[in-house]
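Notes to accompany the following structure.
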Protein chains: 2
Amino acid sequence: MILSEIRPLTLSGQVRDMLRDQIMAGKLSPGERLTETDLSQRLKVSRGPLREAILQLTEEGLLIKKTYKGLRVRSISLRELEELYSMRTTLERFAFEEAWEKKTDAALEDLRTRFDYLEQSRNAQDISAAVNGEIHFHSWIYELSDHSLLQSHWRKLSPLVRIYMSIHNRQHGVCGVFMDANDTYLKLAQDDNLAAALVHIENHMQKGLDQVYASLEVS
Amino acid sequence: MILSEIRPLTLSGQVRDMLRDQIMAGKLSPGERLTETDLSQRLKVSRGPLREAILQLTEEGLLIKKTYKGLRVRSISLRELEELYSMRTTLERFAFEEAWEKKTDAALEDLRTRFDYLEQSRNAQDISAAVNGEIHFHSWIYELSDHSLLQSHWRKLSPLVRIYMSIHNRQHGVCGVFMDANDTYLKLAQDDNLAAALVHIENHMQKGLDQVYASLEVS
DNA sequence: CGTTTGCTAATTGTTGACAATTTTTAATTT
DNA sequence: AAATTAAAAATTGTCAACAATTAGCAAACG
């Protein structure tokens with residue numbers, strides 16, 4: 001008999017996950033002001049656990065909180081977007097360096113599975129699933145790195161990536177940012193050339209930024 | 001008239017800072033179990049703000065919290081230490097790349113000031129001040145980078161660096177880990193050779209790790 | 001004697017009321 | 001009428017009591 005540990009789901013944890021999903025899904029739009037009383041009434045939860053959830057989302061960067069002033073949903077400026085790209089490039093290059101020697105056939109099979117899921121969600125035009133798939137696809141290298149500190153920094157960064165993708169996808173359709181780059185990513189991950197993979201990450205990110213600039217000029 | 005914004009210091013914020021200081025200073029030893037009731041009585045604060053402080057310190061990695069199980073002060077294993085060094089190398093190299101073009105005479109003067117303060121604390125054998133000085137010295141490049149996302153990741157990492165330094169200094173005296181490397185660091189920061197500086201960071205960190213290994217073999 | 005079961009004490013999670021602070025609104029003054 | 005002040009309404013921060021969960025221990029059972 002195989003049993004895995006059951007970890008109790010605290011109320012504050014459930015609230016945190018719920019709010020995160022809502023923000024990702026764009027139900028709470030960027031810049032929007034939130035009040036604790038309203039949230040606690042709508043969620044049928046007292047303010048204690050709600051405040052704990054809010055605090056965690058603040059640490060993740062999804063909410064902005066000022067003492068006695070209130071709460072706003074994070075919005076991403078162009079400047080912050082540039083920072084997001086450069087930071088992610090740094091972390092993901094490091095992840096590749098750490099993980100490269102740990103690749104196995106099983107791990108590569110795992111990556112292909114994630115890729116297929118992503119493509120499927122894309123074709124189905126399911127924005128939410130596509131964003132999840134994109135994050136899950138790129139999480140692969142971090143998990144493989146087996147570097148828990150790096151993973152915790154990726155967990156800190158990924159919500160911002162998600163929120164940006166959600167915004168972008170809603171504006172430009174689901175086939176937006178990383179349309180074709182991911183199959184190159186998949187190919188290079190399967191190859192045996194670390195240097196080439198590192199270069200691709202750099203290009204991949206730069207391409208994403210360029211698309212953002214382009215979409216800004218149009219609008 | 002120049003006035004900076006006054007932000008009210010909430011109770012939870014004060015508790016957070018107080019607890020962080022106590023952990024850094026080693027008043028709460030690694031692995032030690034803490035109970036909320038005891039802390040709230042000793043700090044003369046109700047459990048609400050205390051829990052918020054605890055939550056933040058958990059996010060910083062200084063405390064480990066398990067649902068319904070309790071609270072422990074973080075202890076650093078050798079494995080985690082290796083991760084800490086590699087992660088810090090990655091971030092600090094990135095910070096140098098981002099900040100290199102932004103160096104000014106005033107900024108370099110600032111760095112020298114931080115260096116002097118650090119040396120002074122060292123000579124005075126003031127462990128707490130030396131750790132603060134070390135962090136402040138190395139924070140310089142992150143501040144100069146003007147990259148707020150990078151800075152927030154450094155803020156996440158630095159408490160772990162502090163806690164490690166505290167432990168190490170208490171065991172081996174204040175002149176421990178980075179004794180001579182910092183003046184090289186200072187010299188290279190003032191020079192005009194980015195590549196050399198990047199290499200030094202790598203060496204700097206590796207040297208720190210080697211010292212740890214050496215001290216482990218002795219004990 | 002070792003194991004299991006049910007109880008008790010201790011600890012964490014949650015709640016609703018209260019205090020401190022800010023924002024809004026209306027009255028007052030110039 | 002515009003600007004300033006003062007009361008009020010709304011919102012966030014804090015507290016103390018209550019519920020849920022865990023850990024320790026003793027009695028019951030094999």
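Labels below follow one simple rule: chain letters A, B, ... track the order of the sequence lines, proteins then strands, and each chain is numbered from 1.
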Legend entry - Within 6.0 Å of CD in Gln14(B), more than 12 heavy atoms from elsewhere: yes
Inset, instruction - Using whole Å, report how far CZ of Arg51(B) lies from C1' of dT12(C). - result: 6 Å
Legend entry - Nearest-Å distance for atom pair NZ/C1', residues Lys66(B) and dA20(D): 20 Å
Legend entry - Crowding at NZ, Lys102(B) (>12 non-hydrogen neighbours, <6.0 Å): yes
Legend entry - Spacing between Leu43(A) atom CG and dG16(C) atom P, to the nearest angstrom: 14 Å
Legend entry - Interatomic distance, Lys44(B) NZ vs dC15(D) P [rounded to whole Å]: 13 Å
Inset, instruction - Using a cut-off of strictly less than 4.0 Å, decide whether Arg47(A) has a side-chain nitrogen or oxygen near OP1 or OP2 of dT12(D). - result: no
Inset, instruction - Just compare dG13(C), dC15(D), dT11(D) and give me whichever is closest to any side-chain atom of Thr35(A). - result: dT11(D)
Legend entry - Candidate nucleotides dT12(D), dT14(D), dT12(C), ranked by approach to the side chain of Arg33(B) - the nearest: dT12(C)
Inset, instruction - Could you state the atom-to-atom distance from CG of Leu50(A) to C1' of dT15(C) in whole Å? - result: 13 Å
Inset, instruction - Just compare dT14(C), dT21(D), dG13(D) and give me whichever is closest to any side-chain atom of Tyr68(A). - result: dG13(D)
Inset, instruction - Could you tell me whether Leu34(B) contacts a base, only the sugar-phosphate backbone, or nothing, with contacts defined as non-hydrogen atoms closer than 4.0 Å? - result: sugar-phosphate
Legend entry - Leu118(B) side, atom CG; Thr113(B) side, atom OG1 - distance, nearest 0.5 Å: 12.5 Å
Legend entry - Leu55(B) CG - dT12(C) P separation (whole Å): 14 Å
Inset, instruction - Under 4.0 Å between any heavy atoms, over every strand shown, what does Gly48(B) touch: base, sugar-phosphate, or nothing? Just pick one. - result: nothing
Inset, instruction - Whole angstrom is fine here: how far is it from CZ in Arg72(B) over to C1' in dT11(C)? - result: 14 Å
Legend entry - Listed nucleotide nearest any side-chain atom of Ser46(A), set dG13(D), dT14(C), dT12(C): dT14(C)
Inset, instruction - Please work out if Leu9(A) contacts a base, only the sugar-phosphate, or nothing of the nucleic acid, heavy-atom cut-off 4.0 Å. - result: nothing
Inset, instruction - Tell me what Pro49(A) touches on the nucleic acid: a base, only sugar-phosphate, or nothing, going by heavy atoms under 4.0 Å. - result: base
Legend entry - Polar side chain donor-acceptor pair, Glu134(A) to Asn182(A), under 3.5 angstrom: yes
Legend entry - Residue Leu11(B), side-chain heavy atoms: nucleotide from dG13(D), dG13(C), dT14(D) that is nearest: dT14(D)
Inset, instruction - Quickly work out the Arg16(B) CZ to dG13(D) P distance and round it to whole Å. - result: 13 Å
Inset, instruction - Output yes when Arg79(B) and Asp146(A) qualify as a salt bridge under the 4.0 Å nitrogen-oxygen rule, no when they do not. - result: yes
Legend entry - Phosphate-side-chain proximity, Lys69(B) and dA23(D), N/O vs OP1/OP2 below 4.0 Å: yes
